[in-house]
Amino acid sequence: METFQSLLAKKLSNALFAAGLPNAGELTSATDPRFGDYQTNAALIVAKQQGESPREVARRIVEHLKVDDVGEAPTVAGPGFINFTLRPAVVAEKTASMLADERLGVSQAESPRRIVVDFGSPNVAKPMHVGHIRSIVLGDALARIASFLGHEVIRDNHIGDWGTQFGMVIYGWKNLLDQDALQQNPLAEIVRFYKETNALATSDPQVREACRQELVKLQGGDKENIDIWNECVALSMQDFEHVYELLDIHYDIQCGESFYHDRLPGVVEHLLKSGIAELSEGAVVVFFRDVPELSDKPCIIRKRDGGFNYATTDVATVDYRLGELKADSVWYVVGAPQTLHFKQIFEIARRQGYQADLRHITFGSILGEDRKLMKTRSGDNVPLRELLEEAGRRARKIIEEKNPDLSEPEKMDVAQIIGIGAVKYADLSQYRMTDYVFLWDKMLSLQGNTAPYLQNAYVRIRSIFRKAGKSWNWHPADKEIGWKPMRICLNESAEINLAKRLCQFAEIVPQVLNDFRPNILANYLFEVANVFHTFYEACPVLKSEEPARSSRLALCYLTGRVLHRGLDLLGIKVPEKM
RNA sequence: GUGCCUGUAGCUCAACCGGAUAGAGCUUCUGACUUCGGAUCAGAAGGUUGGGGGUUCGAAUCCCUCCAGGCACGCCA
């Protein structure tokens, strides 16, 4: 289904051609309702290129614009903008066709790609903490959107399950393990003795050496150490899975660092042979002498002592994803501190001849109310599991206040949906690069740009349909569209505004991937909820006469589906009641 | 020291590849309820876009410079 935007863009392009002008500028939705629904700055750009009067160029373009099938006659305004206004009847038609479309008008990508999305990536023997939220939530939302747009998405959890920390973990397991505590809370106990070992190793060279020996034994395949390692990985995974369940996150593959362990010697050998890497001060190093920004930033892929590091693993990972998984694109949803590292890894991939699209998608930090990195009172990282449980508890409290009549199972279910949704939405509704302040009251508020506000709009719609009776008994999540083709009539301005906004869903969703910004979709959904509420105030639905009644019910239905689908693309669920 | 990121209303954040009078929400103030779930809506107030230069028809956006905060810069991940 073609969007108004792309339809008008084609018409514009034709008009420019017919007027003998170069194709230029862009056609976007209007920045202000006074300027109609869509606008283009094409005349301004062309006029600049050709040294002519912008308004004069605009007039020439307008002469060739044939848009009478969708809108009013285009107007020239301001310095030379051309504004377009849609006719309500055309909007009504489009709205009706959206009703019958399972994809709500969103087109599949013209050239579907195979995309590996690398996000989350927790470390074994360390609990996931608040710092992991952004990677998980962002990565999952991007994966959902890419998948909806028709790409083949492989979600990969690159778990930190191999590396020097295991020397200490194994030493701690052998010397400091408290079996009872391990039974009680396995991961907490592992973290405890890992920290203690770490402290010991820092102050005591003998412990440090012992840890190193344990690591050497592990890497040499020592049976006892391998068993301990396996046990620690399994216990950690249980904890991760619990968090993933709370967050409704599902990976397609979980190729952690250990998965690549066997491949590392081959990787280094290959890079040496091909001349990409060289020996330097005993280590194997890749220099980027011809890349200005990396010229003084070499990348070590094998340490002087023969050990491998995370750069080695990441090169092996690129090999696997591009060489064996045949990915066209890899998205690394990883914090900004690793920017330099990924520049190096991507450059090494390029030198190996890979042409895939490799992206490092960075994001800002989560701050506490003091505007410093969010920590517990004792200065530790905030465990993610506890944070999510807290979200559920707080949501539960609000539900008790606002809607005590819900049944107990409903309360539990709704609290989960609202609490988790609030945390996810707080993250996704803002530009990923800026740091943001984590405020419970703000994200759980029923007012403003929050998940509960959007969920409430949806709940109101569902409530209307419960009252509307059996003949309207379908659900937005149903695969089957239970809606017969019907006429939509748009008379009130609130109806027109709502319908126009709904039609933009298909324009917004693909935009998210331009620069990996789910906040564009979040803001759009907020606007939808907003114009819906205005409509809801201004236009009675159930009490109105036919044909307005059916038409308004259809608008409600479509709004419900857009909210449902839109939030689903962000990984957020909606309750039926709240 | 070098490089990257960030700086927008009192607070939390938008503004898509340079577009029109920089938008929301919270807070404050003024209105609208025998409501389809008022958990809402309508309206008002609130700005030298960190400072200063520059590029042009036009700059929060691009360039230069300074300030503030964060991060990274050869054997941790």
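Residue numbers start from 1 in every chain, and the chains themselves are labelled A, B, ... in the order their sequence lines are given, proteins ahead of strands.
- Checking B:A14, B:C16, B:U40 against the side-chain heavy atoms of A:Tyr431 singles out B:A14 as nearest.
- With sequence neighbours excluded, the residues forming a ring-ring contact (aromatic ring centres under 6.0 Å, His included) with A:Phe119 are A:Tyr251, listed by chain and number.
- Checking B:A24, B:A15, B:A20 against the side-chain heavy atoms of A:Gln39 singles out B:A20 as nearest.
- Between the NZ atom of A:Lys343 and the P atom of B:U2 there is a distance of 17 Å, rounded to whole Å.
- Taking the side-chain hydrogen bond (donor to acceptor under 3.5 Å, both in side chains) definition, one finds that A:Asn23 meets it with A:Ser13, sequence neighbours left out.
- Screening A:Phe308, A:Trp229, A:Trp162, A:Phe166 for a ring pair (Phe, Tyr, Trp, His ring centres under 6.0 Å) with A:His261, the sole residue that qualifies is A:Trp162.
- Paired with A:Tyr332 under the rule ring pair (Phe, Tyr, Trp, His ring centres under 6.0 Å), one option of A:Phe516, A:Phe342, A:Phe363 passes, and it is A:Phe342.
- Listed by chain and number, the residues in a side chain to side chain contact (heavy atoms under 4.5 Å, CB included) with A:Pro575 are A:Val414, A:Ile417, A:Gln455, A:Val459, A:Met578 (sequence neighbours excluded).
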For RNA chain B, what is the dot-bracket line, given that a base pair needs Watson-Crick (N1 to N3, plus N6-O4 or O6-N4) or G-U wobble (N1-O2 and O6-N3) geometry with both distances under 3.5 Å, and | means paired with another strand?
(((((((..((((.....[...)))).(((((.......))))).....(((((..]....))))))))))))....
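- Between A:His564 and A:Tyr458, a ring centre-to-centre spacing shorter than 6.0 Å is recorded.
- The aromatic ring centroids of A:Phe35 and A:Phe81 lie 6.0 Å or more from each other.
- For the pair A:Asp427/A:Tyr436, a side-chain contact is recorded, criterion being any heavy-atom separation below 4.5 Å from C-beta on.
- Using a distance-only test at 3.5 Å, with no hydrogens or angles considered, a donor-acceptor pair links the side chain of A:Ser544 to the main chain of A:Val541.
- Contacts between residues 436-444 of chain A and RNA chain B, defined by a heavy-atom separation below 4.0 Å, involve A:Tyr436, A:Val437, A:Lys442, listed by number.
- Counting only heavy atoms from C-beta outward, the side chains of A:Val284 and A:Leu271 never approach each other to under 4.5 Å.
- For A:Thr434, whose side chain is taken as the heavy atoms from C-beta onward, the closest listed nucleotide among B:A24, B:A20, B:U6 is B:U6.
- Across B:G23 and B:A59, the matching P atoms stand 16 Å from one another, rounded to whole Å.
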Readout for nucleotides 67-77 of chain B: B = base within 4.0 Å of protein heavy atom, S = sugar-phosphate only, - = neither; 5' to 3' it is ----SSSBBSB
Contact pattern, 5' to 3', of nucleotides 55-62 of chain B - B, S or - by protein heavy atom under 4.0 Å:
--BB----
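- B:C63 adopts an anti glycosidic conformation, its chi angle falling more than 90° from 0.
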Which atom pairs link the protein and nucleotides 42-46 of chain B when you take only N or O atoms and keep those under 3.5 Å?
unit_1, atom_1, unit_2, atom_2, d
B:A42, OP1, A:Thr534, OG1, 3.2

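- Of all nucleotides listed (B:C17, B:U40, B:U6), B:U6 comes nearest to the side chain of A:Met433.
- Rounding to whole angstrom units, CG of residue A:Asn523 and C1' of B:C16 are separated by 11 Å.
- You'll find a donor-acceptor pair under 3.5 Å spanning the side chain of A:Asn41 and the base of B:G19, going by distance alone.
- Closest to the side chain of A:Ala77, from the set B:U40, B:A15, B:A20, is B:A20.
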Distance-only donor-acceptor hits, side chain of residues 24-33 of chain A, under 3.5 Å, sequence neighbours excluded:
unit_1, atom_1, unit_2, atom_2, d
A:Asp32, OD1, A:Arg34, N, 2.9
A:Asp32, OD1, A:Arg34, NE, 3.2
A:Asp32, OD2, A:Arg34, NH2, 3.2

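- The A:Gln430 side chain lies nearest to B:A14 when the options are B:C41, B:U21, B:A14.
- Checked against salt bridge (charged side-chain N to carboxylate O under 4.0 Å, His left out), A:Arg396 has the following partners two or more places apart in sequence or in another chain: A:Glu400, A:Glu408.
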Between side-chain atoms of residues 437-444 of chain A and protein atoms elsewhere (two or more places apart, or another chain), which donor-acceptor pairs fall under 3.5 Å?
none

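- Residues in residues 50-60 of chain A take part in these salt bridge (Lys or Arg N to Asp or Glu O under 4.0 Å) pairs, two or more places apart or across chains: A:Glu52-A:Arg60, A:Glu56-A:Arg59.
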